[in-house]
Number of protein chains: 2
Amino acid sequence: METEREPEQRTFTEIARRQQIVGAAIDTIAEVGYAQASLARIAARIGISKGVISYHFTGKDDLIKQVVVDVIEAGRAYILPRVFAESTGPARIRAYIESNLAFMREHRNYMVAIVEILRNGAFTADGGRRVDGRDIDVATRLLKEELARLQAKGELRGDFDPGAMAVAIRAAIDVVPHRLVLDPDFEIGKYGNEIANIFDRATRSDDTQ
Amino acid sequence: METEREPEQRTFTEIARRQQIVGAAIDTIAEVGYAQASLARIAARIGISKGVISYHFTGKDDLIKQVVVDVIEAGRAYILPRVFAESTGPARIRAYIESNLAFMREHRNYMVAIVEILRNGAFTADGGRRVDGRDIDVATRLLKEELARLQAKGELRGDFDPGAMAVAIRAAIDVVPHRLVLDPDFEIGKYGNEIANIFDRATRSDDTQ
DNA sequence: AGGTTAGCTGGTCGATCGGTCAAATATTTG
DNA sequence: CAAATATTTGACCGATCGACCAGCTAACCT
């Protein structure tokens with residue numbers, strides 16, 4: 001079965017077609033939600049038959065996993081350089097929040113799609129997850145570790161729980177795609193600055209104020 | 001059609017049956033997610049036929065609306081007295097956050113169900129919403145108004161945007177039901193205290209520290 | 001007791017789902 | 001050019017959905 005072929009063995013056509021299908025899946029999920037994003041709709045968006053999706057992916061789960069991998073990788077490639085360009089704790093947190101929001105502004109559908117998948121993926125009738133929630137939620141875990149590291153170095157106040165702080169920061173970021181749906185005039189940039197201020201005040205050591 | 005009957009004209013049996021069905025809907029949505037919460041599953045949970053749901057509600061939308069109404073009312077009845085029992089701005093915000101989290105601990109399925117409905121309700125193929133997103137999101141609007149009021153009275157610092165602050169606070173609260181699914185050991189009480197601290201530091205006037 | 005209404009059962013309907021696959025077309029290889 | 005392989009089409013499958021309804025049972029009223 002061609003879809004089982006190692007990535008390095010894939011033809012140019014296959015790689016291009018897979019990327020096209022993943023892009024269509026992202027846009028469809030962002031537009032109509034995960035539950036309504038059927039293989040028929042995804043295929044129709046790019047003018048192919050459903051069978052093409054079955055040919056290139058082992059199933060809908062396989063396609064969704066690829067969507068998640070691609071979006072996470074794009075986000076990491078965008079955000080990490082901006083975070084590590086800063087040298088102090090408070091500056092890194094601000095860069096983390098603002099670059100997440102900037103990435104959302106430039107790739108709105110990416111974020112809507114992945115938040116949709118995460119929400120829906122957490123629930124399935126058989127108790128399993130379409131995409132393992134813990135793997136997707138790697139962002140919260142990495143942020144928690146970074147916050148703990150910055151606390152240990154004295155760059156942030158030492159009296160908050162980095163796990164709870166990471167959850168709150170991610171929640172304030174991840175709410176944005178849905179906010180955009182409810183309110184198209186939602187100002188991402190202003191909001192990003194506001195929540196960067198909130199978490200700056202909440203985490204900054206007193207002696208750096 | 002009996003379902004169109006004004007609430008005050010409903011028989012005792014009808015009122016009891018509707019409440020039972022709403023409770024089954026909440027538990028089903030909380031357990032398997034909105035998309036999988038079919039009328040068949042809801043009916044099976046309480047050992048009735050699907051037709052009974054159609055008899056008592058004009059459709060699935062009607063049932064979901066009733067779920068939302070009941071959950072919001074239960075939340076308000078729980079939270080508002082606890083918030084208004086406090087007299088200062090910072091204390092009210094802390095009470096708001098901690099009573100929301102306490103309500104979640106005691107009514108976990110209520111919150112999972114409503115967050116599920118809100119997420120799914122925001123997206124439908126026809127562009128309409130199962131339950132109008134703005135109406136459900138009344139909590140964010142009311143919180144924004146209360147924050148603005150407290151700012152105007154000088155009880156909170158005057159330099160943050162109450163709209164952004166309300167969105168961030170609600171996001172940190174609303175993430176909890178999904179957190180519980182991903183991590184059954186998630187400590188709601190500790191988290192509630194931590195985010196109450198975060199938003200206390202972010203909103204408190206300097207002269208009350 | 002009989003008539004009326006409320007409440008319910010269990011089946012049917014058209015629509016849509018994800019997945020499958022025979023056959024056709026396109027591309028590549030010798 | 002023919003053969004082999006890759007890619008695609010479009011129909012079919014069983015399952016499930018929400019909505020609907022004929023007919024039955026229970027409860028109420030005269």
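Since this is a predicted model, take the numbers as computed values, not measurements. Lettering follows sequence order; numbering is per chain, from 1.
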Are side-chain N/O atoms of Q66(A) and D62(A) paired as donor and acceptor at under 3.5 Å? no

Whole-Å distance separating the [atom1] atom of [X] from the [atom2] atom of [N]:
X: R41(B); N: dC17(D); atom1: CZ; atom2: C1'; answer: 12 Å
X: Q20(B); N: dG7(C); atom1: CD; atom2: P; answer: 14 Å
X: Y55(B); N: dA19(D); atom1: OH; atom2: C1'; answer: 17 Å
X: R18(B); N: dA6(C); atom1: CZ; atom2: P; answer: 15 Å
X: D62(A); N: dG18(C); atom1: CG; atom2: P; answer: 15 Å
X: L63(B); N: dC17(D); atom1: CG; atom2: C1'; answer: 15 Å
X: F57(B); N: dA19(D); atom1: CZ; atom2: P; answer: 13 Å
X: I53(B); N: dT9(C); atom1: CD1; atom2: C1'; answer: 13 Å

Side-chain touch R17(A)/I48(A), heavy atoms, less than 4.5 angstrom: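 Side-chain contact under 4.5 Å: yes.
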
Do I29(A) and I64(A) have side chains that approach each other closer than 4.5 Å (heavy atoms only, starting at C-beta)? yes

Tell me whether the rings of Y78(B) and F103(B) are parallel (<30°), tilted (30 to 60°) or perpendicular (>60°).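 Taking F103(B) first and then Y78(B), their aromatic rings sit tilted (interplane angle of 30° to 60°).
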
More than 12 heavy atoms from other groups under 6.0 Å of CZ on F12(B):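 Open: at most 12 neighbouring heavy atoms sit under 6.0 Å from CZ of F12(B).
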
Give me, pair by pair, the N or O atoms of the protein and of nucleotides 19-28 of chain C that are less than 3.5 Å apart, along with how far apart they are.
{"from": "dG19(C)", "atom 1": "OP2", "to": "K60(A)", "atom 2": "N", "distance (Å)": "2.8"}
{"from": "dG19(C)", "atom 1": "O6", "to": "K50(A)", "atom 2": "NZ", "distance (Å)": "2.8"}

Reckon S49(A) touches a base, only the sugar-phosphate, or nothing at all at heavy-atom distances under 4.0 Å? base

Minimum heavy-atom separation for A25(A) and V67(A), please, with both atom names. CB-CG2, 3.8 Å

Are R149(B) and E146(B) close enough for a salt bridge, meaning some N to O gap below 4.0 Å? yes

If you only use heavy atoms from C-beta on, which nucleotide in dT9(C), dC8(C), dT8(D) is closest to the side chain of I48(B)? dT9(C)

Closest nucleotide of DNA chain C for S38(A) versus for F12(B): which of these residues is on the 5' side? F12(B)

Under 4.0 angstrom between H56(B) side-chain N/O and dA6(C) OP1 or OP2: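 The answer is no; no side-chain N or O of H56(B) sits under 4.0 Å from OP1 or OP2.
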
